[in-house]
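Just below is one structure, and these are the notes that go with it.
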Amino acid sequence: VQLQASGGGSVQPGGSLRLSCAALGSIFSINIMGWYRQAPGKQRELVATTTSSGRTNYADSMKGRFTISRDNAKNTLHLQMNSLKPEDTAVYYCNARGISSGGNYYTRDYWGQGTLVTVSS
């Protein structure tokens with residue numbers, strides 16, 4: 001199983017970006033998918049998660065600005081980020097947990113390679 005993230009880039013404050021993540025491999029289902037981010041000199045933190053049933057969870061600072069969504073049939077994950085602020089600058093990582101693949105169930109975390117988001121004027 002591999003996670004491939006895309007969609008990062010540079011944007012001015014108040015702008016928008018949409019991140020995407022594709023889970024590749026022989027995957028039957030994924031329980032939880034999410035986005036985390038890590039700013040320079042800081043620990044990795046939760047952005048948002050979503051379950052296969054559509055339940056979502058957001059970090060407080062992202063509520064109302066970010067929207068997480070997924071396509072279970074395609075094993076893809078998206079993050080629509082609006083009203084971006086300089087403090088949103090970070091490397092954003094796609095995460096998947098609870099993967100059914102090849103007749104096995106994997107509880108470990110899978111991580112994408114990260115995509116850089118820079119918010120600056």
Side-chain angles (χ1 to χ4, degrees):
V1 176
Q2 289 187 330
L3 301 179
Q4 289 188 350
S6 61
S10 296
V11 65
Q12 292 186 339
S16 298
L17 280 175
R18 179 178 171 86
L19 305 183
S20 296
C21 175
L24 306 176
S26 180
I27 299 170
F28 178 72
S29 66
I30 303 175
N31 185 15
I32 300 172
M33 298 187 77
W35 292 97
Y36 292 75
R37 70 185 187 185
Q38 188 166 16
K42 295 188 177 181
Q43 290 187 332
R44 191 172 297 187
E45 64 175 351
L46 168 73
V47 174
T49 60
T50 178
T51 68
S52 57
S53 62
R55 188 172 61 201
T56 59
N57 178 53
Y58 293 90
D60 287 343
S61 61
M62 287 67 156
K63 289 179 180 177
R65 298 190 300 124
F66 292 6
T67 302
I68 191 170
S69 62
R70 64 187 283 179
D71 183 330
N72 290 329
K74 297 180 180 179
N75 291 321
T76 56
L77 179 72
H78 304 284
L79 183 70
Q80 179 65 43
M81 304 185 293
N82 299 327
S83 302
L84 283 163
K85 305 174 182 180
E87 51 264 42
D88 294 318
T89 295
V91 177
Y92 284 70
Y93 295 92
C94 175
N95 172 270
R97 189 181 310 156
I99 296 177
S100 293
S101 175
N104 297 309
Y105 186 77
Y106 301 94
T107 59
R108 56 158 286 194
D109 283 304
Y110 287 83
W111 294 96
Q113 80 281 12
T115 184
L116 177 63
V117 172
T118 303
V119 184
S120 174
S121 56

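Basis for what follows: all heavy atoms, side chains included, without hydrogens, waters or symmetry-related copies.
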Do [X] and [Y] come close enough that some side-chain heavy atom pair is under 4.5 Å?
| X | Y | value |
| --- | --- | --- |
| R37 | E45 | yes |
| C21 | R70 | no |
| L46 | N57 | yes |
| C94 | W35 | yes |
| V117 | L19 | yes |
| S120 | S10 | no |

Residue pair T51, S53: steps toward the side chain to side chain donor-acceptor pair (under 3.5 Å) verdict: CA-CA 5 Å; T51 68; S53 62; 2.9 Å; yes

Closest non-hydrogen atom pair, [X] against [Y]:
| X | Y | answer |
| --- | --- | --- |
| Y105 | G98 | OH-CA, 3.3 Å |
| I30 | A96 | CG2-CB, 4.0 Å |
| S83 | S16 | N-OG, 4.4 Å |
| L77 | S69 | CD1-O, 3.3 Å |

Checking the side chain of [X] only, and the main-chain atoms of [Y] only, is there a donor and an acceptor separated by less than 3.5 Å?
| X | Y | answer |
| --- | --- | --- |
| Q113 | Q4 | no |
| N72 | S52 | yes |
| S20 | H78 | no |
| R97 | I32 | no |

So, taking the atom named [atom1] in [X] and the one named [atom2] in [Y], what distance separates them when rounded to the nearest 0.5 Å?
| X | Y | atom1 | atom2 | result |
| --- | --- | --- | --- | --- |
| K42 | E87 | NZ | CD | 8.5 Å |
| M33 | N95 | CE | CG | 8.5 Å |
| T49 | I68 | OG1 | CD1 | 6.0 Å |
| L3 | I99 | CG | CD1 | 6.5 Å |
| N82 | R18 | CG | CZ | 10.5 Å |
| Y58 | T67 | OH | OG1 | 4.5 Å |

CD/Q2: more than 12 non-hydrogen atoms of other groups inside 6.0 Å: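 Open.
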
Within 6.0 angstrom of F28 CZ, more than 12 heavy atoms from elsewhere: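 No.
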
Geometric class of the Y92/F66 ring pair [parallel <30°, tilted 30-60°, perpendicular >60°]: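 Answer is tilted, since the angle falls between 30° and 60°.
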
Single-linkage hydrophobic cluster L79~V11, side-chain heavy atoms < 4.5 angstrom: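 Same cluster.
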
Single-linkage hydrophobic cluster, 4.5 Å side-chain cutoff, Y93 and Y110 together: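 No, because Y93 and Y110 fall into different hydrophobic clusters, even though each may have its own neighbours under 4.5 Å.
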
Any residue meeting salt bridge (Lys or Arg N to Asp or Glu O under 4.0 Å) with R44, in chain and number order, not counting sequence neighbours: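 Not a single residue meets the salt bridge (Lys or Arg N to Asp or Glu O under 4.0 Å) criterion with R44.
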
Side-chain H-bond candidate by donor/acceptor type, N104 with Y106, under 3.5 Å: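 There is such a pair (donor and acceptor under 3.5 Å, judged by atom type) between the side chains of N104 and Y106.
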
Salt bridge D88-K85, side-chain N to carboxylate O under 4.0 Å: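 The answer is no: the pair does not qualify as a salt bridge.
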
